[in-house]
Amino acid sequence: MVWLNNLKLKSKDPQVRCKAIEALDLENGVDSRLFDQLAAFLADEDALVRGAAARALAKVQDGRVLQLLVPLLRDPSPEARQGAAVALGEHGDSLAIAPLTACFNDTNLNVRASAAGSLRNLGWHPSSSEEQALFDIAVGNVRAASFQGQAAVNPLLSELRNDTVFSRRAAAEALEDVADPRRIKPLLEAVADSDPTVQVSAIHALSKESDPEVTSALLQALRDREACVRLAAAQVLSRRDDPELVAYFLGPVQDENFEVRLTAVQFLGRFHCPEIVEALVGRLGDTDSDVRLAAAKALGTLGDPVAVEGLVLTLVDEERTVRQTAESSLNQIDPNWAQSEVAQRAAAQLEEAMSKRPAWVRAAGSQVIAHLRAAAENSSVLP
């Protein structure tokens, strides 16, 4: 059947040629004719055939194999380069170490991983922190590369420009753990990446930077069309105790994404001004219970009597924790809130709202109304 396989090696179908190469029995060596034929396949028009030929030559103990395979590491096709990287590791010639380490800069993930695997087979060990970082990136353990500190900056910045979204995102995440000013400008560029997940990782990587240019980029991201990007920017900016950011968070309290609204409410609750109280009162009717809860809690902390009416109406919220928080906040603002003119004015609205609430809420609301009526009667008989 040897003649049949030889015939398949000459097939016009690249898949047939690949299978014919893989079917070759090379354990007992090859003659010069077959060797030359395999060498010729390294220039085949099909990348998969070139890769198959490289892996076949790896089984041939001939000093010329190394010289044939190394140039294939620069092939235009990643499939062919990967085949060469694997073959050099299987061939076992230590002279392949230098060209394989150069593959750490390859743009293709599979080529880098194959080169790293072959280097392991050849007993290679990193000779510097930068080589260790390059190796970690090549095997997909990008976060570990950051353990090399400043030596990892250049490899990670190179990865940040990779064509693959996964690579750029992983590099941005790793750069969060590296304190080096060289990372700032590339990360700022990544904040405007075409992929929102890369943007998010870059934003978090810049979380400890207070440079005005960084702040400007984060504020712009706060208006991004992608909710996950707006949320990341809001989360990072909200960690700053900066009252100058208040104006920028008044808009996000009405964001279509509840997590953005929640982050904005929690941030604004740390500062006091009429605009904030008004914005937070507006969130007492939010569609998300966590946002309503955060708004109710923040208004109690701020202690502004303007919030009393809104909080009284929140006493018939469908969520028990929101109702309890509203009552607690009312007591923080004024222990005698039930006797206030604002609370009494809200009582009528409260009764009207009761008809639209579930039975268990109406029961709680009835107690509130009774409390308000009792407070009104007590205040009317006081001298």
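- Taking both residues in full, the closest heavy atoms of Val65 and Val60 are given as CG2-O, 3.5 Å, listed atom of the first, atom of the second, then distance.
- Side-chain contact between Leu222 and Pro252: present, with at least one pair of heavy atoms (C-beta onward) separated by less than 4.5 Å.
- Using modelled atom types, one side-chain atom of Thr301 and one backbone atom of Lys297 make a donor-acceptor pair closer than 3.5 Å.
- Within a 6.0 Å radius of CZ in Arg225, other residues, nucleotides and ligands contribute 12 heavy atoms or fewer.
- By the rule that hydrophobic residues join a cluster once side-chain heavy atoms approach within less than 4.5 Å of another member, Leu231 and Leu268 end up as members of separate clusters.
- A distance of 6.5 Å separates CD1 in Ile276 from CG in Leu250, rounded to the nearest 0.5 Å.
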Intermediate values then yes/no, side-chain contact (heavy atoms from CB on, under 4.5 Å), Leu160 and Glu189: CA-CA 10 Å; Leu160 198 59; Glu189 293 174 358; over 6 Å; no
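- Side-chain contact check for Arg182 versus Gln150: some heavy-atom pair is nearer than 4.5 Å.
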Worked verdict on Leu57 versus Phe41 for side-chain contact (heavy atoms from CB on, under 4.5 Å): CA-CA 10 Å; Leu57 281 168; Phe41 275 129; over 6 Å; no
CA sep, side-chain torsions, deciding dist, call: Asn162, Thr164, side chain to side chain donor-acceptor pair (under 3.5 Å): CA-CA 5 Å; Asn162 197 285; Thr164 307; 3.2 Å; yes
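- Counting only distance, with no hydrogens or angles, the side chain of Arg292 and the backbone of Arg283 share no donor-acceptor pair below 3.5 Å.
- Annotation: side chain of Val229 is in contact with side chain of Val200 (closest heavy-atom distance under 4.5 Å).
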Residues Phe249, Leu237; criterion side-chain contact (heavy atoms from CB on, under 4.5 Å); working and verdict: CA-CA 9 Å; Phe249 273 89; Leu237 288 168; 3.8 Å; yes
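- Between the side chains of Ser128 and Glu130, no donor-acceptor pair of N or O atoms lies under 3.5 Å.
- Between the side chain of Ser216 and the backbone N or O of Pro212 there is no donor-acceptor pair closer than 3.5 Å.
- Note: the hydrophobic cluster containing Val111 does not contain Leu88 (ILVMFWY, side chain heavy atoms under 4.5 Å, direct or indirect links).
- Of the possible polar contacts, none joining the Arg55 side chain to the Ala84 backbone as a donor-acceptor pair under 3.5 Å is found.
- A donor-acceptor contact shorter than 3.5 Å is absent between the side chain of Ser158 and the backbone of Asn154.
- Formation of a donor-acceptor pair under 3.5 Å by the Thr325 side chain with backbone atoms of Leu293 is not found in this model.
- Within the 4.5 Å cutoff, the side chain of Leu299 has no heavy atoms near those of the Val306 side chain.
- In plain terms, the two heavy atoms of Leu219 and Arg223 that are nearest each other are O-NH1, 3.4 Å.
- Note on Arg183 versus Asp180: no salt bridge recorded, every NZ/NE/NH1/NH2 to OD/OE distance being 4.0 Å or above.
- Of all non-hydrogen atoms in Ser201 and Arg169, the two that sit nearest each other are OG-CG, 3.2 Å.
- Linking Ile, Leu, Val, Met, Phe, Trp and Tyr residues whenever their side-chain heavy atoms come within less than 4.5 Å leaves Val198 and Leu175 in two separate clusters.
- For the atom pair SG of Cys18 and CZ of Arg50, the computed distance is 10.5 Å after rounding to the nearest 0.5 Å.
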Test log, rule salt bridge (Lys or Arg N to Asp or Glu O under 4.0 Å), inputs Asp46 and Arg17: CA-CA 10 Å; Asp46 187 85; Arg17 297 199 298 276; 5.6 Å; no
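- Look at Asp31 and Arg33 and you find no salt bridge, because none of the NZ, NE, NH1 or NH2 atoms lies under 4.0 Å from a carboxylate O.
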Worked check of side-chain contact (heavy atoms from CB on, under 4.5 Å) between Glu176 and Ser207: CA-CA 8 Å; Glu176 182 177 357; Ser207 61; 4.2 Å; yes
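- Gln67 CD to Leu95 CG: the interatomic distance, rounded to the nearest 0.5 Å, is 10.0 Å.
- Note: Ser289 OG to Glu318 CD = 10.0 Å, rounded to the nearest 0.5 Å.
- Linking ILVMFWY residues whenever their side-chain heavy atoms come closer than 4.5 Å, directly or via other members, leaves Phe147 and Leu157 in distinct clusters.
- In this pair, Phe135 and Phe104 present their aromatic rings perpendicular. The plane angle is above 60°, beyond the 30 to 60° band.
- For Gln220, the CD atom is loosely surrounded, since the number of other residues' heavy atoms within 6.0 Å does not exceed 12.
- The cationic atom of Arg64 (NZ for Lys, CZ for Arg) lies less than 6.0 Å from the six-membered ring centre of Phe35 and within 45° of the ring axis.
- Contact of the Leu24 side chain with the Leu38 side chain is registered, since non-hydrogen atoms from C-beta on lie closer than 4.5 Å.
- Atom CD of Glu327 has 12 or fewer neighbouring heavy atoms from other residues, nucleotides or ligands inside a 6.0 Å radius.
- Within a 6.0 Å sphere centred on CD of Glu278, heavy atoms belonging to other residues, nucleotides or ligands number 12 at most.
- The heavy-atom pair separating Leu187 from Ala202 by the smallest distance is O-CB, 3.7 Å.
- A 4.5 Å side-chain heavy-atom check between His204 and Val236 finds at least one atom pair inside the cut-off.
- The environment of CZ in Arg270 is crowded: more than 12 heavy-atom neighbours from other residues, nucleotides or ligands sit within 6.0 Å.
- Clustering ILVMFWY residues whenever any of their side-chain heavy atoms sit less than 4.5 angstrom apart, transitively, puts Val260 in a cluster other than the one holding Val265.
- Asn336 contributes no side-chain N or O that, together with a main-chain N or O of Gln339, makes up a donor-acceptor pair within less than 3.5 Å.
- Across all their heavy atoms, Ala133 and Pro155 have their closest contact at CB-CG, 4.3 Å.
- In summary, Arg168 and Asp193 engage in a salt bridge, as defined by a charged side-chain N under 4.0 Å from a carboxylate O.
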Residue pair Glu79, Ser77: steps toward the side chain to side chain donor-acceptor pair (under 3.5 Å) verdict: CA-CA 5 Å; Glu79 289 82 6; Ser77 168; 2.7 Å; yes
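- The shortest distance between side-chain heavy atoms of Val139 and Arg120 falls below 4.5 Å.
- Of the possible donor and acceptor atoms, none in the side chain of Gln199 sits under 3.5 Å from a partner among the backbone N and O of Ala192.
- Using a cutoff of 4.0 Å between basic side-chain nitrogens and carboxylate oxygens, Asp255 and Arg230 are scored as salt-bridged.
- With rounding to the nearest 0.5 angstrom, the CG atom of Asn105 is 10.0 Å from the CD atom of Glu159.
- Using a 4.5 Å heavy-atom threshold, the side chains of Arg112 and Ser167 count as touching.
- Distance check, rounded to the nearest 0.5 Å: NE2 of His91 to CG of Asn121 gives 13.5 Å.
- Thr101 places a side-chain N or O within 3.5 Å of a backbone atom of Ala98 that can act as its donor or acceptor partner.
- Taking both residues in full, the closest heavy atoms of Arg323 and Asp317 are given as NH1-O, 2.7 Å, listed atom of the first, atom of the second, then distance.
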